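Comments concern the structure below.
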Amino acid sequence: MSRFLDVALATALLAAALVAQAQSARYPGIGRDATPKEVAAWDIDVRPDFKGLPAGAGSVARGQEVWEAKCAHCHGIFGESGEVFNPLIGGTTAEDIRTGRVANLRRTDYPGRTTLMKVPTVSTLWDYINRAMPWNVPKSLSTEEVYAVTAFMLNLGGIVSDNFVLSDQNIADVQQRMPNRHGMTLDHALWPGKEFGNGGRKPDTKNVACMKDCVTPAKVSSYLPDYARDAHGNLADQNRLVGPQRGADTTKPGPKGMGSAAAVVSAAPPAKAEARPSAKAEGGVAKAVQALLSKYSCTACHAMDKKMVGPSFKDIASKHAGKADYLADKIRNGGSGVWGPIPMPSQALSEAQARTIAVWLASGADR
């Protein structure tokens, strides 16, 4: 038995030495090669020729179920979106599907650009939904759900029928019905060489350094109206304390001289801007709540005193004063119908964190 163990140990050491030698030949002393399983976990992209697309299928009907449960609260029941995200569906016609070029893209008076107007390849829809949606839990959709949601979007755009089942076997046929499949072009001189087949055209710009009579550099700032200044919490609490950029203390009025808008972020902020936390948010429940609202992106849909995608915190506090238990349950589990048709998804925070926010709301949502 002892001799067998000696042989086994020697074999294991030899194998380890061979692996180390193989690795060190390429990158001496640095890491190891990724295993096939590790590579497969990252190698999920789907190309326009559908290489990388997993086998599977999903119906329009199933896609509607998934959409209403996991997508509609941000993108609208019909892909029209709300006040935060751009519309996904609209602007395409049956003629666009026939020709592969969206006519409304050529109109300067058309009010906007939807995703289906611009995207030329159905693989782009599938790939992005698969890797990035839903935004709060990306990569959580099953393969069937991704096929189904993609099919539902295509159905909303009139590209496939109500009873259609999208699969890896027929997705190439669907590609031939994409409204903007012929709209992608390289004929815009962004690359001056011939490697992209543009005949060596000149680039869009040609700058010459004159080094005289230089224009005074402009101070670049971004600003919001006063009523929206604190819509996403105090910016001074949301930036790192290193580097040139500082968030303004948005719990205080903006500087005068900005017209009807107040400065929010400046490339040259006042000294010690990062050291000016809100006096009302120092310590206690309010400060803890503000941190939670930022951490869990609550302010993407809710403002302090103005309706956005969802109701304002002040409106919630007024309607449900003293109902901390009710609010904690709604925060954790989501719901719909109380403030309109747009549902609120469940949130991935602890019971204690939900309780902290709920108590703050039930007590008046003071800052």
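Side-chain atoms are counted along with the backbone in the values below, which use heavy atoms only and exclude waters and symmetry mates. Here the structure is a predicted model, which means the values were calculated and not measured.
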Start with the C-alpha distance between Tyr110 and Thr108, add both sets of side-chain angles, then the distance that settles side chain to side chain contact (heavy atoms under 4.5 Å, CB included), and finish with yes or no. CA-CA 6 Å; Tyr110 198 77; Thr108 58; over 6 Å; no

Would you compute the distance between atom [atom1] of [X] and atom [atom2] of [Y] and round it to the nearest 0.5 angstrom?
{"X": "Asp96", "Y": "Thr92", "atom1": "CG", "atom2": "OG1", "value": "6.0 Å"}
{"X": "Asn130", "Y": "Thr150", "atom1": "CG", "atom2": "OG1", "value": "8.5 Å"}
{"X": "Glu351", "Y": "Asp329", "atom1": "CD", "atom2": "CG", "value": "10.0 Å"}
{"X": "His75", "Y": "Asn86", "atom1": "NE2", "atom2": "CG", "value": "10.0 Å"}
{"X": "Gln347", "Y": "Arg332", "atom1": "CD", "atom2": "CZ", "value": "10.5 Å"}
{"X": "Ser123", "Y": "Leu53", "atom1": "OG", "atom2": "CG", "value": "8.5 Å"}

Compare all side-chain heavy atoms of [X] with those of [Y] and state whether any distance is below 4.5 angstrom.
{"X": "Pro311", "Y": "His302", "answer": "yes"}
{"X": "Trp67", "Y": "Met153", "answer": "yes"}
{"X": "Val119", "Y": "Arg181", "answer": "no"}
{"X": "Tyr296", "Y": "Ile357", "answer": "no"}
{"X": "Asn234", "Y": "Gln290", "answer": "no"}
{"X": "Pro134", "Y": "Ser140", "answer": "yes"}
{"X": "Gln64", "Y": "Glu68", "answer": "yes"}
{"X": "Leu141", "Y": "Ile129", "answer": "yes"}

Answer with yes or no whether the hydrophobic clustering places [X] together with [Y]; edges join I, L, V, M, F, W, Y residues whose side-chain heavy atoms lie under 4.5 Å apart.
{"X": "Met344", "Y": "Phe85", "answer": "no"}
{"X": "Trp135", "Y": "Phe152", "answer": "yes"}
{"X": "Val122", "Y": "Val102", "answer": "no"}
{"X": "Ile97", "Y": "Leu105", "answer": "no"}
{"X": "Met117", "Y": "Leu156", "answer": "no"}

Should Leu154 and Met178 be marked as a side chain to side chain contact (heavy atoms under 4.5 Å, CB included) after you check the CA-CA gap, both sets of side-chain angles, and the distance that decides it? CA-CA 9 Å; Leu154 296 171; Met178 291 296 287; 3.9 Å; yes

As a quick check of understanding, evaluate salt bridge (charged side-chain N to carboxylate O under 4.0 Å, His left out) for Lys51 and Asp49, giving each step before the final call. CA-CA 6 Å; Lys51 182 176 181 180; Asp49 61 359; over 6 Å; no

[X] and [Y]: which non-hydrogen atoms are nearest, and at how many Å?
{"X": "Arg101", "Y": "Asn180", "value": "CA-OD1, 4.2 Å"}
{"X": "Val165", "Y": "Ser59", "value": "CG2-CB, 3.9 Å"}
{"X": "Met304", "Y": "Ala365", "value": "SD-O, 4.0 Å"}
{"X": "Gly233", "Y": "Thr250", "value": "O-OG1, 2.9 Å"}
{"X": "Asn104", "Y": "Gly91", "value": "ND2-O, 2.9 Å"}
{"X": "Gly157", "Y": "Leu116", "value": "CA-CD1, 3.8 Å"}

What's the verdict on side-chain hydrogen bond (donor to acceptor under 3.5 Å, both in side chains) for Thr124 and Asp127, showing C-alpha distance, side-chain angles and the deciding distance? CA-CA 5 Å; Thr124 301; Asp127 182 80; over 6 Å; no

Could you walk me through whether Arg131 and Asp45 pass salt bridge (charged side-chain N to carboxylate O under 4.0 Å, His left out), step by step? CA-CA 8 Å; Arg131 71 173 60 250; Asp45 63 295; 5.1 Å; no

Give the C-alpha distance, both sets of side-chain angles, the deciding distance and a yes or no for side chain to side chain contact (heavy atoms under 4.5 Å, CB included) between Lys295 and Gln353. CA-CA 11 Å; Lys295 179 178 181 180; Gln353 291 171 328; 4.2 Å; yes

Phe313 and Trp360: aromatic ring centres closer than 6.0 Å? yes

CZ of Phe78: more than 12 outside heavy atoms within 6.0 angstrom?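 No - once you tally the heavy atoms of other residues, nucleotides and ligands closer than 6.0 Å, there are 12 at most.
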
Is the count of non-hydrogen atoms from other residues, nucleotides or ligands lying under 6.0 Å from Tyr128 atom OH greater than 12?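 No, because the 6.0 Å sphere around OH of Tyr128 holds 12 heavy atoms or fewer from other groups.
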
Where the side chain of Asp168 meets the backbone of Gly56, is there a donor-acceptor pair that is under 3.5 Å apart? yes

Exam field: side chain Asn170 to backbone Ser167, donor-acceptor pair closer than 3.5 Å: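 It does hold such a pair.
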
May I have the step-by-step check of side chain to side chain contact (heavy atoms under 4.5 Å, CB included) for Arg177 and Arg98, ending in yes or no? CA-CA 7 Å; Arg177 292 179 54 80; Arg98 188 186 70 81; over 6 Å; no

Name the orientation class of the two ring planes belonging to Trp126 and Tyr147 (parallel below 30°, tilted from 30 to 60°, perpendicular beyond 60°).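 Ring orientation, 0 to 90° scale: perpendicular.
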
